[in-house]
Amino acid sequence: MSPNAIMSSDREQVLRLRSIVMAFGRLFAVNGVDLDVAKGEHLAILGPNGAGKTTLFNVISGDLTPTRGTVMIKGVDCTSLPSRRRPRFGMARTYQKARSFPGLSVEDNLYLAVVGKRGRHLSLWRSGTDRSWREQARAAAETVWLTEELATPVSDLSHGQKRQLEIGMAVATDPDILLLDEPASGLSRGEREWLIELLSDLGADITLLLIEHDMDVALRVVDRVMVMADGQQIAAGTPSEIEHDPVVLQTYLGTGASA
Amino acid sequence: MKQAKTSGRRLVASSLFALALIVAACADDDADAPPGLDDSEDAVDDVDDADDADDDVDVADDGDDEVRLGILGQCEGPFGGFHEDTVAGVALALVNHAGATVPSDDTALDGWEGAEVNGTPIELVGVGCGDDTPDRILAEVRQLVEQNDANVVIGPLSGDEGIAVAEYALQNPDVTFLSGIAGSQEPTLEVQAPNFFRFHGEGAIWNAGLGDILHNQEGWETAAVIADDYSFGHTSTAGFVAEFCGVGGEVTSRVFPPLGTTDYSSYIAQLPDPDEVDGYFWAVGGTGTQAALEAFVDAKGDLTGDQHAGNLFFNPDLAQALGPDIAGAYVGGFASPPGDVQMPAIDEYLASADETWDSLPTGIAGGERADASAAASFGFMYGYYSAGVALVDGLAETGGDPSPEPLQSALGGLSVELPYGDIALDDNRSGIVDVFISRLTVDDESGEVVQETVALIPEVDQTFGGTFGADTPAPSRDFPPCEERDLPWVGNAIPVEDGVPQQ
Amino acid sequence: MSTAVGQAPQAGDGTADSKRSVVYALPKAVAYAAAAFVVVWVLFIAGDSPAGPAVSNPGRFVVTLLDAITFAGLLFVVASGFTLIFGLMRTVNMAHGSLFLLAAFVAINVQHAMLGKSRNIVADEVGILDWVVPMLVGALVAACVGLILQQLFLRWNQGQELRQALITLAITVIMADQMLNHFGGLALRMTWPGSVTHFIEILGQRYATTRLFMLAVAVLVGALLWLWLNRTRMGLVIRAGVDDETMVRALGINITFVFAVTFFVGAFLAGIGGAMGASFAGAATGSDGDWLLNSLVVVIIGGLGSIKGAVAGSLLYGMVIAFAPAYLPSRYSFYAIILTFVLLAVVLAVRPYGLFGRPA
Amino acid sequence: MTRQLRSPTTIAFVAVVALLVVLPAIGSSFFVNFIMTRTLILGLAAATIVFLSAYGGMVSLAQLMLFGTAGFMFGNAVLEASPRGLNLGWAPWTAVVFALAVATAIAFLLGALSSRTTGIYFLMLTLVYAVIGYNVFAQVVPISGPSGITRITPPPPITQATHLYYAALLLSIGGYVVLKLVARTPFGLALQGVRDDPVRMASLGFRVPLHRALAFTLAGFIAGVAGLLNVWWNGQIDPASIGISPTLVLLIVAVIGGISHLEGAWLGAFVYVAANSYLRALPFVDRIGITEDRFNTVIGALVLLIMVLSPEGLSGVIQRLSNEGRRRFSRFSSRDGTGRVDTSGDDAGESPVVMIDSSTSPPTEERK
C-alpha cells in the first residue's frame with residue numbers, strides 16, 4: 001500500500017515521513033513507516049500497545065531522532081531538529097501521561113505554552129506583549145473549560161482537568177499541526193463528549209494527528225486512519241473502511257474493541 | 001483565602017524570627033553589661049578602622065582588674081585530637097605559677113580555679129574551637145573577644161590560623177595575644193602586630209641546625225626536598241634550605257605534592273635517585289609521611305636512614321608506622337625536644353603535669369587516655385604552657401595590671417624561664433629559641449623507633465641572619481633561593497649525649 | 001505502549017546531515033583531538049616534563065602506566081560499591097567515604113590487635129591472614145553500619161534521591177566527628193602482608209609488588225562482583241532492577257530484601273576499599289572526604305550505576321592522577337590536580353551522563 | 001496588587017526589615033556585627049542554593065565556590081602590597097565590578113557545562129566543582145596559594161562594622177526581592193517549567209539547558225555579591241574558606257531553613273550562626289554531650305532530623321504549625337494558592353518537596 005495511494009487529496013503537505021526506523025538497541029519500535037499528511041487533515045493512528053504509535057509521535061515531535069528515515073515538516077527536513085525548534089513550525093503536542101508543570105498555576109502553564117512559541121523566553125521584564133500573551137493563555141483556558149481554575153496549582157487539579165490542561169497547552173500555541181497522544185484516556189463520559197466537540201470544532205486549517213484507544217472518539221473526529229502493529233503500518237483508510245478491514249479487526253479490534 | 005493562608009504563615013514565621021532576634025539581642029546585652037560594653041564596641045569599630053587604634057588607649061584603662069582569658073584550641077580537623085592539650089597547657093602553667101587548681105583530674109576542658117597573680121584573678125572566659133582554617137579561628141577569636149569580652153587570648157594552634165589571628169590582633173590593640181603553637185613566619189615577621197607575642201619557634205626555626213649538621217658533619221653536598229604544598233611545608237623547607245645552602249650545600253630539586261595526594265608515586269619519581277643525591281629532606285605530614293616514604297621505597301629502593309632527614313613529621317608518635325629502616329634519619333626540632341632530654345626542670349615540669357591530672361585524652365596518643373606528662377612533653381601542649389607562663393610572668397612584671405599597655409610592654413621585654421629552655425623575644429615579638437635536633441634510632445629494649453636528641457642549637461631567631469624579613473616574600477615553592485649566607489648559630493651547636501647537653 | 005520516551009542519546013549519533021549533528025560533533029571532535037594530543041605529547045614531546053617523552057624514557061612511561069592501572073584498581077573497588085548502590089536504588093550514598101574510613105580504622109585496629117603492637121610494624125611480621133582478616137572485619141563492620149543506615153534512614157524514602165543524598169550527607173558529618181573522637185586525628189596505617197612485599201625490575205625501574213597485589217585484589221573483587229551479578233539469581237534481579245525497577249516489582253520479587261543486600265554489598269566494597277586504602281595510603285581524619293570525592297569523579301566520568309563505567313572511570317582518573325605530575329612541563333606540574341577538572345569537562349561535554357551512563 | 005501592600009505578609013516583611021534596621025541601636029555590637037552580619041551574608045549565599053533548588057530543581061554545592069571566587073578576585077584586584085596574590089592595586093569599586101564579573105563568568109561556564117544534567121547528577125557535579133575550585137586556589141599561587149589573601153578592607157563608604165551590617169542588610173533585601181521577582185518573569189516561570197518537566201518545556205519550544213545555565217549564572221552573581229560582603233567582613237580569604245566542609249555548611253544552612261523557601265535561607269543562617277555562638281554557652285548542655293568539640297555531631301544530627309521529619313526545614317515546620325493553627329480556628333480547608341513555592345508546605349505531608357519532586361517527576365530527560 002503506497003502512501004501516495006491513500007493521500008486523500010492534493011492539498012498542501014504539512015508532514016511527510018519516509019521510511020522511519022526507530023531502534024532501541026535490538027528493539028525496533030518503529031520499523032519503516034511512511035506517512036503523508038495534508039493540511040487540515042485529521043488523522044488517527046490506531047494500534048495495540050507496543051505498536052510504536054507514541055514512538056512515532058516522538059519522532060515527529062523531535063523528542064526522538066529516528067535511527068533512519070526522514071521527517072519533513074512543511075517541506076523542510078526536520079529529521080534531527082530538536083523538539084524545541086518544532087513549535088516554530090506550528091507544531092504542538094500532548095503526551096500520553098499528562099505532562100504539565102505541577103508547580104505552576106493553570107494560567108502559568110498555559111502562558112508558558114504561549115511564550116514557548118513566541119520567543120523572549122529569557123525576558124526579565126513583563127512587556128506590553130506579555131499582557132496579550134496572558135490574554136491568549138486565558139482564552140485557551142476558556143477553550144478547555146478551565147477558567148475557574150486559572151489560579152489553581154496544577155498539582156491540585158483532578159485527572160480530567162489535567163488532560164484538559166494538556167490539550168489547552170497544545171491549543172494555546174495556536175498550532176497548525178496538533179499531535180494528541182491519547183487525549184481521552186482517563187476522561188469521564190461527559191468529558192469525552194466535550195473532547196469530541198472540541199476536536200470537531202478545530203479550524204479547517206489545523207492538521208490533527210491523534211493516537212487514541214477509544215475508537216468512538218477517534219472515529220468520530222478524524223477523516224483518515226492509520227493502523228500500526230509491531231512498528232509498521234498494517235492498514236490505512238477512512239474510518240468506515242477501517243472498521244471493516246479484516247486485518248484490523250483481527251489484530252486490533254478483535255482484542256481491544258471494547259476500549 | 002490563599003492570601004490569608006500564605007501571609008498568615010509568613011506572619012508567624014516573621015514573628016518568631018523577630019522574637020528570636022529580640023531575645024538573642026537582649027540576652028547578649030546582659031552579657032555585655034558595663035564595663036565590657038564600651039570595650040567591645042570600640043574593639044569592633046576598630047575592625048574596620050585600624051588607623052584609629054591609638055584613640056582607645058584611655059578607654060582601656062578604666063577598669064580591667066582581672067584577666068579574662070580566652071583560649072583558641074582546635075577540636076576539629078587534622079589536629080582536632082589535640083584540643084584537650086591546648087587547654088591543659090595553659091591550665092598547667094597557671095597551676096604551676098599562679099596558684100590555680102583544676103576541678104577535674106581526668107579532663108582539662110573544665111579549666112581551672114583560683115588563678116591569681118599579684119591579686120589579679122585569671123578567669124577562663126571561653127575556649128575557641130578551631131578546625132585548622134583561618135575563617136573558623138577568626139570567628140572563634142571574635143567570639144572570645146567581642147562576645148565573651150576576653151582581654152587576653154592564648155592561641156591558635158596552627159600556622160595559617162596564626163596569620164589570621166595576628167591580623168585580628170593588629171585591629172584590636174586592646175587585647176593581648178599570645179600565640180599557642182602556630183608555626184608560620186608571617187604573624188610576627190610580616191604582620192607585626194604590637195600586641196601579638198610568640199613564645200615559641202616556627203616551621204623554619206625548628207629546622208635550624210639540620211643543614212649545618214648534614215652538610216658539615218654528615219658530608220651531604222646535595223639534597224632533594226619533598227614537602228607538602230602548603231604554608232607549613234613551605235616554611236619547613238625554607239628553614240632547611242636557608243641553612244643547608246647557607247653553609248655551602250646544594251638543594252638540587254624541590255618537589256611539592258599537593259595536600260590530599262593519595263598516590264605519591266608520580267611525585268617520588270620526580271626526586272633524583274639515591275645515587276644522584278646525598279640525601280633527602282622530608283616535610284610531608286598526615287597520612288603523607290608514611291605514604292610518601294613507602295612510595296619512595298617502592299620506586300627508589302630501601303630506606304637507608306643516614307640518607308634522610310625530616311621535619312617534625314618524622315616524629316614516631318605522629319607517624320606511628322615509621323618502620324625501623326628509617327632509623328638513622330635526622331629530625332628537625334619542635335617546641336619541645338624528644339623524651340630523652342633530661343634536666344631537673346623538665347622532670348619537675350612533667351611531674352607537675354602528672355600531679356595535676358590522672359590522665360588526659362591526648363592527641364599524641366591518638367585521642368586515647370594517657371598520662372598527662374605524655375601530653376605535656378609534646379610541643380602542642382608545651383607551646384600553650386609557654387604562653388601561659390609568659391602571661392603569668394608578664395602580669396607579675398606589671399604588678400598584676402592586665403591593662404594592655406603595661407602588660408604588652410612587660411611581655412615584650414620578658415625572658416621566660418621554661419623547662420625546655422628560656423625564651424626571649426626578638427624585635428618582632430617572636431621567640432628566640434633553642435632547637436633540639438634528634439635522630440631516629442631503634443630502641444634496644446622495645447625494638448621501636450624512637451627519637452634520640454643529638455644536638456641543641458642555641459638562640460635561633462626567625463630572620464635566619466637576614467634571609468627572612470618583612471620585605472622578603474613569604475616562604476614558597478622557590479623561596480628562599482639556594483645561596484650561601486651567614487647564619488649566626490652555625491658552629492654553635494651543642495652536642496647532646498644521652499639526653500644531656502654537653503656544656 | 002511507548003517503548004521508551006527519551007532513550008539514551010546514542011540513538012542520534014547515526015544522523016550526520018544536519019546542523020544539530022554539527023553542534024554536537026564539535027565537542028566530540030575537540031575531545032578526540034585533545035585525547036590524540038595528549039597521547040602524542042606523552043609519547044613524543046613532553047618537553048621539560050619531569051619524565052620526558054615516553055620514547056626516550058620507556059621505563060618511566062611503563063611504570064607510570066602501571067601506577068595508573070594499579071591505583072585505578074583501588075579506585076574501582078571503592079567506586080564500584082558506590083555505583084552499585086546507585087544503579088539499583090538510585091540512592092547516592094554520600095556516606096560512602098565515611099564507610100571507607102570507618103572500615104580503614106577498624107581494620108587498622110584489628111591488625112594492631114592481631115600483631116600485638118601498633119607501631120614500627122614491618123611487612124615481614126605480617127602474615128597474609130594478618131591482612132585479610134582485618135580487611136574482612138573492617139569491611140563487615142562497614143557493611144553492617146551501611147545496612148543499619150539503609151534500614152533506618154533510607155528504606156522508607158526510596159525514590160527521593162535528593163532527600164536521601166542529604167540524609168547521607170548529614171550522616172557523614174556525624175560519622176566524621178565521631179570517628180575523630182574515637183580514633184583520634186593522627187594518621188594511621190595498615191601494613192601489607194610480607195609475602196607480597198617484594199620488588200621487581202621493569203625496564204630498569206624498581207617496582208613494588210604490593211601495588212600489583214592491590215591490583216590483583218581489585219581484579220578479584222571485580223570478578224566476584226561480575227559473577228554475582230551475572231551468574232546468580234539475585235544478580236539477575238539486580239541487573240533487571242537497574243534497567244527497570246517497575247518490572248522487578250511486577251515480577252513479585254522481594255525488592256526490599258534485594259535492596260538491603262545490595263546496600264550491604266556496596267558498603268562492604270567501600271570497606272574492602274578502606275582496608276586497601278589504609279594499606280596503600282594510610283587513613284586519617286579527612287580521608288573520608290577525599291575518597292567520597294574520588295568515587296564521585298569516577299562515577300561521573302564512567303556513568304552512574306554502571307559497573308563498566310566504574311572500570312572506565314577508574315582507569316581514566318587513575319591515568320590523569322599518574323600521568324599529569326610526570327608529563328606536565330615542570331613549571332606547571334603543580335597544577336596537575338586541576339587536570340582532573342579538564343578530564344571531567346571533556347567527558348561531560350561529550351556525554352553528559354558519563355561514558356556508560358544513562359539519563360536518570 | 002494594591003491589596004497586597006496592606007496584606008499581613010507585607011506587614012510582617014516590613015516589620016522584620018524595620019527591626020533589622022533599628023537593630024544596631026538596641027543590640028550589642030557583637031550581636032549586630034558578628035551574628036547578624038554573618039547571618040545576612042550566609043543567608044544571601046544560601047538563598048542562591050534555595051533559588052536554584054526551588055525554582056530550577058538543581059541543588060548546587062558550587063555556590064560557596066563562586067562566593068569565594070568573588071572574594072579572591074576582589075582581594076587580588078584591590079590590594080597593592082599583599083604578600084600573596086596578583087596585587088593589581090585597582091580602585092575598590094573597579095575591583096568589585098571585576099570580582100563580580102569573574103564570578104558570574106565562571107558561573108556561566110560551569111552552568112553551561114552542567115546544564116544537561118539534573119537532580120542528583122547536578123549535586124555531585126557541583127560538589128566536584130567545589131573541590132576543584134578549592135584546588136585551583138590552593139595550587140595556583142599567583143592568585144592565592146595556600147595561605148590565602150589577607151588584610152582585605154571594604155571599599156570607601158563602608159568604613160565601620162555597622163556600615164557593613166547595613167550593606168549586608170540592603171543586599172540581602174535586594175537579593176531576596178530580585179529572586180522573588182525573577183520567579184514571576186517569563187524567564188522565572190520558564191525555569192520553574194524546566195524544573196517540573198524539562199521534556200515538556202523542550203517540546204513547547206524552550207531551550208532547557210540555556211535556562212538552567214542562566215539561572216546558575218544569576219545565582220552565581222548573587223553568590224558573588226555575598227562573597228564580597230564576606231571578605232569585607234572577614235578581612236581575609238584562603239582556600240580552606242571554600243573547602244569541602246564550609247561547602248557543606250552552606251548547604252546545611254539552606255537545609256535547616258528549608259530548601260524550598262527563600263526566606264528559609266536567612267532563617268537557617270540565623271539558626272546556624274546563633275547555635276554556633278550561643279549553644280555551647282547554655283548551662284548544662286555539656287551534660288548531654290553538646291560541647292564545642294562535638295558541635296559537628298549536633299549539627300549533623302539536626303540536619304538528619306530535619307531531613308527525616310520534615311524535608312521542608314524550619315520554614316516548613318513553621319508553615320505546618322501555622323496551617324495547623326489555622327485549621328483549628330477556621331473551617332476553611334480547601335486547597336488553593338498559586339505558586340508552588342507558596343503552597344508546597346501545605347502538602348508537605350503528602351507529597352515530597354519541590355527538590356525531591358524534581359528528581360522523581362519527569363521520568364525522562366529531554367533530548368539534547
Side-chain angles (χ1 to χ4, degrees), chain A residues 57-58 61-65 80 82-89 91-95 97-109 111-127 129-130 133-134 149-157 166 169-170 172-173 179, chain D residues 54-57 178 181-211 213-215 217-218 260 334-344 346-347 350-351 353-355 357-358 361-368:
Chain A
F57 254 39
N58 285 337
S61 70
D63 287 345
L64 290 173
T65 305
S80 45
S83 61
R84 69 172 177 80
R85 306 270 282 269
R86 301 201 184 192
R88 311 268 165 90
F89 286 91
M91 181 177 277
R93 73 167 290 184
T94 68
Y95 288 83
K97 183 168 174 270
R99 294 187 95 156
S100 38
F101 309 115
L104 295 173
S105 67
V106 168
E107 180 178 336
D108 287 340
N109 269 266
Y111 171 76
L112 281 178
V114 176
V115 171
K117 189 181 174 186
R118 308 296 158 139
R120 291 182 56 95
H121 303 159
L122 305 176
S123 173
L124 290 174
W125 317 110
R126 293 188 227 172
S127 55
T129 44
D130 193 80
W133 294 344
R134 285 272 169 201
E149 319 287 341
L150 271 177
T152 311
V154 170
S155 52
D156 291 355
L157 291 183
E166 183 84 4
M169 283 169 72
T173 63
L179 310 175
Chain D
Y55 299 118
V178 163
L181 288 183
V182 160
R184 300 307 304 166
T185 64
F187 169 73
L189 286 171
L191 184 64
Q192 293 169 69
V194 167
R195 171 199 68 199
D196 285 350
D197 192 340
V199 179
R200 189 74 177 103
M201 282 304 280
S203 74
L204 285 176
F206 290 87
R207 289 170 177 243
V208 168
L210 184 65
H211 274 88
L214 288 181
T217 310
L218 173 67
S260 50
S334 68
R335 308 163 62 82
D336 48 15
T338 47
R340 170 75 169 189
V341 171
D342 285 338
T343 56
S344 49
D346 188 40
D347 47 28
E350 301 120 66
S351 75
V353 287
V354 168
M355 37 166 285
D357 265 3
S358 66
S361 63
T364 59
E365 181 53 37
E366 83 283 12
R367 299 277 294 146
K368 297 174 282 189

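First the proteins, then the strands, lettered A, B, ... as listed; each starts at 1.
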Salt bridge (charged side-chain N to carboxylate O under 4.0 Å, His left out) partners for Glu149(A), two or more places apart:
none

Test: Arg134(A) and Glu107(A) ion pair at under 4.0 Å:
yes

For Arg93(A), give me all partners under side-chain hydrogen bond (donor to acceptor under 3.5 Å, both in side chains), at least two apart in sequence or on another chain.
Asn58(A), Ser61(A), Asp63(A)

Side chain, backbone, both or neither: which part of Leu214(D) has a non-hydrogen atom closer than 4.5 Å to chain A?
side chain

Cation-pi, Phe89(A) ring and Arg86(A) (6.0 angstrom, 45 degrees)
no

Top residue by heavy-atom pair count (under 4.5 Å) with chain A, among Ala190(D), Ser203(D), Gly188(D)?
Ser203(D)

Measuring heavy-atom distances to chain D, does Ala113(A) have an atom under 4.5 Å in its side chain, in its backbone, in both, or in neither?
both

At a 4.5 Å cut-off on heavy atoms, which part of Leu191(D) comes close to chain A: side chain, backbone, both, or neither?
neither

